[in-house]
Amino acid sequence: MARYNPKETEPKWRDAWASADAFRAREDASKPKYYVLEMFPYPSGRLHMGHVRNYALGDVIARYKRARGFSVLHPMGWDAFGLPAENAAMERGVEPKGWTYDNIARMRAELKELGLSIDWSREFATCDVEYYGQQQAWFLELFKRGLVYRREATVNWDPVDQTVLANEQVVDGKGWRSGAVVEKRKLSQWFLRITQYADQLVDDLAQLDRWPEKVRTMQENWIGRSKGLRFRFHFAGEAPQAAADGIEVYTTRPDTLFGASFVGIAPDHPLAQEIAARDPKAAAFIEECRKGGASEAEIETAEKLGYDTGLKVKHPFDPNWELPVWIANFILMDYGTGAIFACPAHDQRDLDFARKYDLPVRPVVLPPGEDPASYDVGSEAYVGPGTIFRSQFLDGLEIEPAKEAAIARIEAQNDGQGATVFRLRDWGVSRQRGWGCPIPVIHCGKCGVVGVPRDQLPVALPDDLEFGKPGNALERHPTFKHTTCPQCGAEASRETDTLDTFVDSSWYFARFANPNAADPVDKAAADYWMSVDQYIGGIEHAVLHLLYARFVTKALADEGMLSVREPFAGLFTQGMVTHETYRRENGEWLEPGAVEITATGNKREAKMVDTGELVRIGDIEKMSKSKKNTVAPGEIFDVYGVDAARLFVLSDSPPERDVQWTSGGVQGAWRFVNRVWDEFDSQPADAGAAGETDEAADALRRATHKLVKHVTEAIESFRFNSGIARLYEFLNTLKAHPAEGASPALLAARHEALSAFARLIAPFTPHLAEECWARVGGGGMLVEAEWPTFDPALTEDAVKVLPVQVNGKRRGEISAPAGAEPAEVEKMVLDDPEIARRLEGLTIRKVIVVKDRIVNIVAA
RNA sequence: GCCGCCGUAGCUCAGUGGUAGAGCGCAUCCUUGGUAAGGCUGAGGUCGGCAGUUCAAUCCUGCCCGGCGGCACCA
């Protein structure tokens, strides 16, 4: 019996696939296409288990679809610009370009070891000048169309990374990468007008029926579309300068206008600033608001605070009704107009505020069943459905019609209009970094901002950038900036900002259609391959990357560069790879390799391998360097082989959930690999007698066809772990029908089973599968073989075992031929002596026979 | 606070309106020329709780409890 040796077998098959160019994607009009893409990696230089899982998941789909006759595109590239390279430059004095390409070389080798069915001929990195030059080309097209603009903006400044961050990249007031507290600065910044697509970005979510509901909801929340009314309150007295035309407010509840109690403005509203200039108390109050923390916890618990400005405005529907103007700390300047009208009875924030400052609370929405004469709200605002009352022309209307009526009246009065407001802001893409895609514009003293002409692209990064210190290496470069204006020829300076790396990753999927195209996107190739049929990656990109990619796709489609308006028809978000953590008594984290676990009964104990010191077993957490709970893929490949590692990360958890890495688990996968090989190795060359059958052969054949059906369905529905669980079970079935002493019929059934089995495990353990396929004489390479099919008739048992219940409790079982008629089964059951014994002394009320499933006797 | 997901063996997870399963772990035994390995057998479950629908609920419905995630003064 030859032992399975992955160290020999796995490289052998990888070489064979490469020689056969087995994974080259071809635009074959005779086949349906399938584009599988995993989110491309940042080339950190080291593969981690998260990558193994991500790419193994995609590879299952790619190999499966190929076997199902699809023309598959499964490419790989590198998200290669970004700060880590500059940090490495500062810390270790290496220059980013060399560092990055070295890392890519290392990671490519590791990825290739995974045996992925990737078309490596399409590989590129976003830091290749051929790639970012094309990015500059489409950026300039967007610039011409007004989708790119520059303005002075208060930006999120990360003091550690010394760069600007988009709103999406600020989490809890801290930089998403550095974790440093973000400061506000005013800078001239480049923006992409994503808000112009805000409506489409919300509306088109409805088409994405193969996206997780959760991600669609997150995007919808992030875009935050609300419909309402924007209108002006006019001052009762003389208007202040900063609000000469009145105070413009935005509301989603124009139906509650007759419940207005006051008008509130944000502390940084221009009007508040003007008031502060002449009113020291107001200035002090605004200063007080500024001090309040920005963290979620602080905002949540912050008390509502306000300052009465003494100004009065007129109610839009009643010139004799005056409302006070307050500055309030809970009003945000960067949403809507930075000013509101408050209806305390129907808004909790307004109510809290009104109760504190003793302002009127006037209900105008009457909940069903309440008495209009006595109805009042206590400490809880009423936001449910109801009928409008105490509201003149709105009286008696339901909420929605009342909103429409109020908007119509305001519009008729010329005081404002219905409006849609978004939470989404334009995308700030300027980064003051040297290791990024240069923004291809030139600043000319006469002509202003001028795009670099197409024939002068790419604007390449100089090779001699000096990255040794913080700040922008491009800005420091002696010659990069100096150029002439393409329009007037005068001396001019180049823009030194580079693009956010999220720009790089917002169109790479389209470039894969033809990475050598002379234009950004090869339209014909993209028309064949796009959209991505299955995109796979982490949930952490639910908003940022996926929203940007959707926007850029739509913008490029409007340029005529793409035909599709959504980049990813199917999205799958996989879970993380986790591991137990280990700590010494002194709090020091220990790597799994330094710890030995013993188990007695159900008690587990951990000790240090070296000293025997007792170790505390901590929580199961995402693998991270800081907690040392990582396992290096390379080391696992060395010991167990790539297939065992792939199998384990796929088998132990549903793909969307976290998977816990354990040494026991990967050993289990390894044992499975070996047991599979043993089973194939024990099959004699004699193929048996395919025409014959007997009881054992029939049973095995039925199990085989059931297996094919189940595994196929499991892959189709992304329940890979479930499919693998069945493969494990089936191996036990095979062992129960050994080749030794088998009848010719059973030998043939085993041959059929093994042939199917080899193909079914191929997406998960491709190297082992090839070896098995060769052993069973499959012919050719398995990567070229078709997916096994099943005979529906054989997915059902010929004889059914029917449990027999008496009053819902199981009391026995009988065997009946599949499809036996209820009357027949009932007779069999009642004739059964064991059942009869159970029924002694009882009167049978009813016998329920569910065909092929169960019998229940109701008796008393 | 709102929304979503999850709760099945010690652990990680399949599963189904009708006989509760797998891997690991655990225990007994066998093997000791696959050997820092292999094999046999076994124990272990109120399917989170309560109610409802049903002949029958782990599965469907409702409520509750617990865990995780996202959003959150967005007017």
Side-chain angles (χ1 to χ4, degrees), chain A residues 1-4 212-215 217-218 220-222 224-226 228-229 249-254 256 264 266 296 299-302 304 328-332 334-343 346-350 352-353 421-424 539 542-543 575 578 580 597 599-604 620 647-648 651-654 656-669 671-672 674-675 678 710 714 719 721-732 735 801-810 812-813 845-850 852-859:
Chain A
M1 209 177 245
R3 204 135 184 236
Y4 184 70
E213 184 66 43
K214 182 185 167 120
V215 175
T217 306
M218 284 168 75
E220 200 173 336
N221 289 342
W222 187 265
R225 178 166 65 187
S226 77
L229 168 67
V249 302
Y250 173 73
T251 181
T252 55
R253 293 299 302 271
T256 64
E296 282 179 25
I299 288 168
E300 193 173 344
T301 53
K304 303 265 180 299
N329 67 341
F330 67 93
I331 299 167
L332 308 174
D334 60 357
Y335 185 80
T337 62
I340 62 159
F341 90 84
C343 175
H346 304 296
D347 183 289
Q348 191 60 45
R349 296 155 302 181
D350 298 348
D352 293 345
F353 192 87
V421 163
F422 296 92
R423 203 187 81 114
L424 183 71
I539 185 79
V543 177
T578 63
E580 249 178 1
I597 311 266
T600 328
N602 290 319
K603 279 230 165 85
R604 294 172 75 235
I620 296 157
L647 185 63
F648 176 55
S651 68
D652 222 38
S653 209
E656 69 276 15
R657 300 250 288 266
D658 291 352
V659 63
Q660 186 191 350
W661 185 274
T662 61
S663 59
V666 71
Q667 279 166 31
R671 265 177 233 149
F672 177 77
N674 282 289
R675 295 213 317 272
D678 281 355
H710 185 91
R719 282 153 43 242
N721 59 321
S722 169
I724 293 169
R726 292 299 173 99
L727 289 165
Y728 272 66
E729 281 182 36
F730 187 76
L731 190 61
N732 290 338
K735 288 169 96 69
V801 177
L802 306 180
V804 179
Q805 297 179 332
V806 177
N807 292 331
K809 297 252 189 293
R810 182 171 180 268
E813 60 183 38
R845 293 275 161 84
K846 195 175 178 186
V847 179
I848 298 136
V849 180
V850 182
D852 290 343
R853 314 235 18 198
I854 200 166
V855 181
N856 190 15
I857 301 166
V858 184

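Not measured: the values here are computed from a predicted model. Numbers restart at 1 for each chain; the letters A, B, ... are given by sequence-line order, proteins then strands.
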| Given the rule in the side chain to side chain contact (heavy atoms under 4.5 Å, CB included) test, do A/Y335 and A/I340 qualify, once you have shown the distances and angles that lead to the verdict? | CA-CA 10 Å; A/Y335 185 80; A/I340 62 159; over 6 Å; no
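When the P atom is used for both B/C50 and B/G38, the distance is 43 Å, rounded to whole Å. A distance of about 33 Å separates the C1' atoms of B/C24 and B/C60, rounded to the whole Å. Between the P atoms of B/C47 and B/A9, the separation comes to 10 Å (whole Å). One C1' atom belongs to B/G48, the other to B/A57, and the distance between them is 16 Å to the nearest Å. Atom name P, nucleotides B/U61 and B/A72: the rounded distance is 30 Å, in whole Å. For the P atom pair drawn from B/U58 and B/U8, the interatomic distance equals 15 Å after rounding to whole Å. Of the C1' atoms belonging to B/G21 and B/G15, the separation is 7 Å, rounded to the nearest Å. The same atom, C1', is picked in B/U46 and in B/U28; the two are 29 Å apart, to the nearest Å.
The side chain of A/R423 contributes an N or O atom lying less than 4.0 Å from OP1 or OP2 of B/A72. Between A/R719 and B/G15 there is a side-chain N or O to OP1 or OP2 distance below 4.0 Å. In this structure, A/N732 reaches the B/G23 phosphate: one of its side-chain N or O atoms is under 4.0 Å from OP1 or OP2. Between B/G23 and A/Y728, no contact under 4.0 Å exists linking OP1 or OP2 to a side-chain N or O. Checking the phosphate oxygens (OP1, OP2) of B/G38, a side-chain nitrogen or oxygen of A/R671 falls inside 4.0 Å. Under 4.0 angstrom from either OP1 or OP2 of B/C74 there lies at least one side-chain N or O belonging to A/R349.
Paired regions of RNA chain B, where each region holds three or more successive Watson-Crick or G-U pairs whose two hydrogen-bonding distances fall under 3.5 Å, are B:1-7 with B:65-71, B:10-13 with B:21-24, B:48-52 with B:60-64.
On a pure distance criterion of 3.5 Å, a polar donor-acceptor pair joins the side chain of A/K304 and the base of B/C73. The base of B/G34 is paired with the side chain of A/D678 by a donor and an acceptor separated by under 3.5 Å.
Atom CD1 of A/I539 is separated from atom P of B/G69 by 13 Å (rounded to the nearest Å). Counting to the nearest Å, the P atom of B/A75 and the OH atom of A/Y250 are 7 Å from each other. Protein atom CG of A/L731 is 10 Å distant from nucleotide atom P of B/G23, rounded to whole Å. In this structure, A/F672 places its CZ atom 17 Å from C1' of B/U12, rounding to the nearest Å. Here B/A22 presents its C1' atom at 11 Å from CG of A/N721, a figure rounded to the nearest Å. The separation between A/E656 atom CD and B/C13 atom P is 11 Å, rounded to whole Å. Going from atom CG of A/L727 over to atom C1' of B/G21 covers 15 Å, rounded to whole Å. Summarising the geometry, the separation between CD1 on A/I331 and P on B/A75 is reported as 13 Å, rounded to the nearest angstrom.
A/Y250 pairs by the ring-ring contact (aromatic ring centres under 6.0 Å, His included) definition with nothing, not counting sequence neighbours. The ring-ring contact (aromatic ring centres under 6.0 Å, His included) test applied to A/F341 returns no partner, not counting sequence neighbours.
The A/K214 side chain lies nearest to B/G69 when the options are B/A75, B/G69, B/G39.
Across every non-hydrogen atom of A/A266 and A/I331, the tightest pair is CB-O, 3.3 Å. Residues A/A542 and A/M218 share a closest heavy-atom pair of CB-CE, 3.6 Å.
Contact check for A/N732 versus A/R675: side-chain heavy atoms found under the 4.5 Å cut-off.
Both tests do not hold together for A/K304 against A/F353: distance to the six-membered ring centre under 6.0 Å, angle to the ring axis within 45°.
Mapped onto RNA chain B by nearest heavy atom, A/N221 and A/K735 fall at different nucleotides, with A/K735 at the one closer to the 5' end. Both A/V659 and A/A669 lie near RNA chain B, and the one whose nearest nucleotide falls closer to the 5' end is A/V659.
The aromatic rings of A/F648 and A/W661 sit perpendicular to each other, their planes meeting at more than 60°, with 30° as the lower class boundary.
In this structure, A/T251 reaches the sugar-phosphate backbone alone: every heavy-atom distance under 4.0 Å involves primed, P, OP1 or OP2 atoms, never a base. If you check every strand for non-hydrogen atoms under 4.0 Å, A/R225 touches nothing.
Taking OG of A/S651 as the reference point, atom CZ of A/F672 lies at 9.5 Å (rounded to 0.5 Å).
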